[in-house]
Amino acid sequence: MVHREQRGILLTDPLGISEKAVFIPYALAPILTLLDGSRDLGTIRTGFELRTGMPITAPVLENLIFELDSAHLLDNEHYAQAYRAAIEDFRCATSRPPILATRCYPADPDELSTMLRKYFDQVESPDSHAKGEICGIISPHIDFARGWPVYAKVWANAAPAVKEAELIVILGTDHNGRDGAITLTHQNYKTPWGMLPTDREIVGEIARSIGEAVAFRDELHHRGEHSIEAALIWLQYLLGGKQCNMLPVLCGSFQSFIDRSERPSQGAPISATIETLRKVMDLRHTLVV
């Protein structure tokens, strides 16, 4: 990007622990590769000068590191304290608030209902030729303004299954997730129409099967990830006030499995989660999104 006629890199925290951004001019960008925790200020200065052939003063370097630290962009105790505070706040809240309201859809529940009703009215009637019981659907998570025709068609066909469901499992893309990760939360999700309760008993069962450290390692990703929320809006509209427990699961990338020519189900956390869900689905009428 360009800032004050200078080209550079804008660094932000994808988890939103800090809302502060730091602009790094391209000329100083090589410093970032040296900030791995193994060097003191003197060694960083020397390394930068050897790599670039340009001198850098101690005050410039100290100011850059101060700005990065202030924005919680350094992996140190300052960041760790801020992360612990953020995850504690998230877990103690009554629910996870909607983050797409006003950005992707109206925050007012009546306006939101009107908008979705209009979308459903503009698509063809549900497919009367669909055979068999619907136990899973694939929903997009693009913005509603562009993706509504697909959203409305998919969810219109899934409406009967939504109304009959006793449990709804939502597997959302974790855009900041680790490869092959399964990330859980005990937190409830909220939309403009109210709260959808997370089935904490099932969360506990899966967490025990994959290990709590693994299950909740990146729980804070639920706070800012939009993929589950995008599906929840359509889901809750079709529920029409019916109470139904949900299981929000964030899923990391499958790239490592692709690279190794393996099936994702070969990953330990994924296989354990699938096995637990199979047992749950034998006992409850479940819809997987």
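When a residue number appears, it is its place in the shown sequence, counting from 1. Atom set for the values below is all heavy atoms of this structure, side chains included, hydrogens, waters and symmetry mates excluded.
Here CG of D199 is found 11.0 Å from CD of E166. Values are rounded to the nearest 0.5 Å. Separating the OG1 atom in T102 from the CD1 atom in I99 is a distance of 10.5 Å, to the nearest 0.5 Å. The CD1 atom of I168 sits 4.0 Å away from the SG atom of C244 when rounded to the nearest 0.5 Å. Rounded to the nearest 0.5 Å, atoms CG (L184) and NE2 (H222) are 6.5 Å apart. The line from OG of S113 to NZ of K118 is 14.5 Å long, rounded to the nearest 0.5 Å.
The ring pair (Phe, Tyr, Trp, His ring centres under 6.0 Å) search around H221 returns none, not counting sequence neighbours. Among residues two or more places apart in sequence or in another chain, the side chain to side chain donor-acceptor pair (under 3.5 Å) test is passed with W234 by none. Take Q243 and apply the side chain to side chain contact (heavy atoms under 4.5 Å, CB included) test, not counting sequence neighbours, and it matches P197. Applying the side chain to side chain donor-acceptor pair (under 3.5 Å) criterion to Q255, with sequence neighbours excluded, gives D259. Scored by the salt bridge (charged side-chain N to carboxylate O under 4.0 Å, His left out) test, R178 finds D218 as partners (sequence neighbours excluded). H186 meets the ring pair (Phe, Tyr, Trp, His ring centres under 6.0 Å) test with F216; sequence neighbours excluded. In this structure, D108 has no salt bridge (charged side-chain N to carboxylate O under 4.0 Å, His left out) partners at least two apart in sequence or on a different chain. Partners of R96 by salt bridge (charged side-chain N to carboxylate O under 4.0 Å, His left out), not counting sequence neighbours, listed by chain and number: E229. Looking at residues two or more places apart in sequence or on another chain, you find a salt bridge (charged side-chain N to carboxylate O under 4.0 Å, His left out) between E67 and K20.
Contact record, M54 with A27: CE-O, 3.6 Å, taken as the closest heavy-atom pair. Closest approach of R39 and T33 over heavy atoms only: NH1-O, 4.3 Å. Closest of all the heavy-atom pairs between P109 and P192 is CB-O, 3.7 Å. Across every non-hydrogen atom of W155 and S139, the tightest pair is NE1-OG, 3.1 Å. Shortest non-hydrogen contact noted between S227 and L250 is OG-CD2, 4.0 Å. Heavy atoms only, all atoms of each residue included: I137 and A158 are closest at CG2-CB, 3.6 Å.
Both L167 and I182 sit in one connected hydrophobic cluster of ILVMFWY residues. Membership requires side-chain heavy atoms under 4.5 Å apart, directly or through other members. One hydrophobic cluster holds both I233 and V162 under the rule that ILVMFWY side chains link at heavy-atom gaps under 4.5 Å. Both I228 and L287 are part of a single hydrophobic cluster, where members link through side-chain heavy atoms under 4.5 Å apart. Linking ILVMFWY residues whenever their side-chain heavy atoms come closer than 4.5 Å, directly or via other members, leaves I134 and L171 in distinct clusters. The same ILVMFWY cluster, assembled from side-chain heavy atoms under 4.5 Å apart, contains both L239 and L112.
Salt bridge absent: D179 and R260 never bring a charged side-chain N and a carboxylate O closer than 4.0 Å.
For the pair R146 and F144, the cation-pi test (distance below 6.0 Å, angle within 45°) is failed.
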(request) Could you go through the side chain to side chain contact (heavy atoms under 4.5 Å, CB included) check for I17 and L220 one step at a time? (result) CA-CA 10 Å; I17 295 174; L220 196 61; 4.0 Å; yes
(request) With side chain to side chain contact (heavy atoms under 4.5 Å, CB included) as the test, would you mind laying out the steps for M281 and V288 before giving the verdict? (result) CA-CA 10 Å; M281 293 172 72; V288 179; 4.1 Å; yes
(message) Does L41 form a side chain to side chain contact (heavy atoms under 4.5 Å, CB included) with I65? I'd like the steps, not just the answer.
(response) CA-CA 10 Å; L41 289 177; I65 292 176; 3.3 Å; yes
(message) Could you go through L68 and L32, starting from their C-alpha distance and side-chain angles, then the distance that decides it, and tell me whether this counts as side chain to side chain contact (heavy atoms under 4.5 Å, CB included)?
(response) CA-CA 10 Å; L68 292 170; L32 299 176; 4.1 Å; yes
(request) Show your working on side chain to side chain donor-acceptor pair (under 3.5 Å) between D40 and T43 and close with a plain yes or no. (result) CA-CA 5 Å; D40 59 21; T43 307; 2.7 Å; yes
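Checking H141 against E225 by side-chain atom types alone, no donor-acceptor pair falls below 3.5 Å.
With R45 contributing its side chain and L61 its backbone, the two residues share no donor-acceptor pair below 3.5 Å. Between the side chain of E49 and the backbone N or O of I56 there is at least one donor-acceptor pair closer than 3.5 Å. Looking at S38, its side chain never comes within 3.5 Å of a backbone N or O of D36 through a donor-acceptor pair. Counting only distance, with no hydrogens or angles, the side chain of Y237 and the backbone of W193 share no donor-acceptor pair below 3.5 Å. Here the side chain of K242 pairs a donor or acceptor atom with the backbone of A165 at under 3.5 angstrom. Between the R51 side chain and the G47 main chain, a donor and an acceptor come within less than 3.5 Å of each other. E164 contributes no side-chain N or O that, together with a main-chain N or O of H285, makes up a donor-acceptor pair within less than 3.5 Å. Formation of a donor-acceptor pair under 3.5 Å by the K153 side chain with backbone atoms of V123 is not found in this model. Using a distance-only test at 3.5 Å, with no hydrogens or angles considered, no donor-acceptor pair links the side chain of Y189 to the main chain of T198. Checking side-chain atoms of E219 against main-chain N and O of I87 turns up no donor-acceptor pair under 3.5 Å.
Here the options are W148, Y151, Y105, the test is ring-ring contact (aromatic ring centres under 6.0 Å, His included), and the partner is Y119; only W148 passes. I170 pairs with exactly one of L235, V249, L247, L196 by the side chain to side chain contact (heavy atoms under 4.5 Å, CB included) rule, that one being L235.
V2 belongs to no multi-residue hydrophobic cluster, having no ILVMFWY side-chain contact under 4.5 Å with any other such residue. With a 4.5 Å cut-off between side-chain heavy atoms of Ile, Leu, Val, Met, Phe, Trp and Tyr, the cluster of M195 takes in none.
With contacts defined as side-chain heavy-atom distances shorter than 4.5 Å, the pair S271/Q266 does not qualify.
Contacts classified as ring pair (Phe, Tyr, Trp, His ring centres under 6.0 Å) and involving residues 15-72 (residues at least two apart or in different chains) are given here: H3-F23, H72-H78.
Residue-environment remark: CD (E77) exceeds the threshold of 12 foreign heavy atoms within 6.0 Å. Residue-environment remark: CD1 (I138) stays at or below the threshold of 12 foreign heavy atoms within 6.0 Å. Counted within 6.0 Å of CZ on R84, heavy atoms from surrounding residues, nucleotides or ligands total more than 12; the atom is thus considered enclosed. Heavy atoms of other residues, nucleotides or ligands lying less than 6.0 angstrom from CZ of R263 number 12 at most.
Relative orientation of the Y83 and Y79 rings is tilted, given thresholds of 30° and 60° on the angle between their planes.
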